[in-house]
Amino acid sequence: DAGVIQSPRHEVTEMGQEVTLRCKPISGHDYLFWYRQTMMRGLELLIYFNNNVPIDDSGMPEDRFSAKMPNASFSTLKIQPSEPRDSAVYFCASTNRRAGGNYEQYFGPGTRLTVT
Amino acid sequence: AQSVTQLDSHVSVSEGTPVLLRCNYSSSYSPSLFWYVQHPNKGLQLLLKYTSAATLVKGINGFEAEFKKSETSFHLTKPSAHMSDAAEYFCVVSGGGGYNKLIFGAGTRLAVHP
């Protein structure tokens with residue numbers, strides 16, 4: 001299995017631009033999570049999906065952030081407009097609770113976002 | 001509510017000496033507990049997990065952790081540190097209550113000196 005795939009790995013953009021981060025979960029996993037990691041705040045859960053449906057988006061910082069999961073193999077996290085304080089590493093993770101799993105999540109390599 | 005506290009933000013050891021990374025948790029449910037490792041500029045990798053089976057859990061790369069309910073602790077240990085163990089380590093508790101949310105500790109940065 002290729003694991004969780006994220007793209008791009010690095011993104012540099014100017015303030016005010018739209019940014020789209022992409023994630024492909026592990027095949028067969030029915031939960032998908034988006035996290036943000038910064039030095040100041042550590043790892044924060046932004047939103048998670050179950051069977052492509054958003055379950056909890058209470059961690060999404062502002063309306064500038066939105067996430068979608070149009071099918072079981074693809075999700076996007078969009079920031080519009082982007083701001084310098086959005087600079088962080090964004091991780092996607094997935095898991096399969098159907099297998100009687102114990103909530104172990106598999107993480108992608110992350111997207112390092114820099115907003116100038 | 002679930003929470004996790006990593007008692008040390010930085011730990012420094014010499015190569016070949018034991019490693020101890022401390023973690024305390026709080027949970028309203030029988031928790032699932034994990035340790036994840038993050039090497040510089042990399043994603044998070046699962047080291048080991050506790051899911052109400054054996055209280056002493058063995059993980060990858062020689063790490064192990066012991067679940068102690070009476071102390072609400074889940075400390076991570078390794079008998080002999082390698083240079084390649086230098087990384088950030090996260091203690092994690094599951095959200096419980098039918099949710100898949102993970103609650104992350106703040107992390108402990110492990111430095112290994114020759």
Side-chain angles (χ1 to χ4, degrees), chain A residues 2-7 9-10 21 23-26 29-51 53-59 88-114, chain B residues 1-10 23 25 27-55 57 59-60 65 67 74 87-109:
Chain A
V4 176
I5 298 172
Q6 291 186 248
S7 65
R9 294 292 309 277
H10 301 273
L21 311 181
C23 175
K24 177 179 170 54
I26 293 173
H29 281 190
D30 57 345
Y31 281 83
L32 183 140
F33 304 80
W34 282 101
Y35 292 88
R36 178 171 68 176
Q37 185 179 38
T38 61
M39 291 291 292
M40 293 298 295
R41 301 174 68 89
L43 265 162
E44 304 173 274
L45 176 65
L46 300 177
I47 185 171
Y48 79 94
F49 296 82
N50 177 218
N51 292 323
V53 176
I55 303 300
D56 184 348
D57 64 354
S58 59
V89 181
Y90 291 81
F91 288 103
C92 177
S94 69
T95 193
N96 182 357
R97 191 165 174 233
R98 277 201 299 266
N102 40 44
Y103 313 117
E104 170 185 343
Q105 292 180 17
Y106 297 83
F107 283 77
T111 296
R112 182 173 297 276
L113 173 64
T114 302
Chain B
Q2 282 67 39
S3 66
V4 61
T5 302
Q6 292 183 242
L7 300 172
D8 307 290
S9 59
H10 291 82
C23 173
Y25 71 91
S27 177
S28 305
Y29 307 89
S30 292
S32 291
L33 291 158
F34 311 83
W35 278 97
Y36 280 82
V37 61
Q38 184 179 26
H39 287 93
N41 300 313
K42 301 289 186 184
L44 285 83
Q45 180 185 18
L46 181 70
L47 269 182
L48 51 80
K49 59 188 177 189
Y50 165 77
T51 57
S52 74
T55 57
V57 182
I60 61 172
F67 174 72
F74 190 57
E88 184 133 22
Y89 292 79
F90 294 93
C91 183
V92 184
V93 63
S94 68
Y99 292 96
N100 260 303
K101 292 175 70 168
L102 297 183
I103 312 299
F104 283 79
T108 297
R109 185 165 297 278

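In what follows, every chain begins at residue 1, and chains take the letters A, B, ... in the order their sequences are listed. These figures come from a predicted structure and were not determined experimentally.
Residues A:Phe107 and B:Gln45 are not in side-chain contact: their nearest non-hydrogen atoms beyond the backbone lie 4.5 Å or more apart. The shortest distance between side-chain heavy atoms of A:Glu104 and B:Leu102 does not fall below 4.5 Å. With a 4.5 Å cut-off on side-chain heavy atoms, B:Tyr36 and A:Gln105 count as touching.
Note: A:Leu43 CG to B:Glu88 CD = 8.5 Å, rounded to the nearest 0.5 Å. Here the CG atom belonging to B:Leu44 is positioned 9.0 Å from the OH atom belonging to A:Tyr35, to the nearest 0.5 angstrom.
Residue contact with chain B, scored on non-hydrogen atoms closer than 4.5 Å, involves the side chain of A:Gln37 exclusively. The contact between A:Arg112 and chain B is made entirely by side chain atoms (from C-beta outward), counting heavy-atom distances below 4.5 Å.
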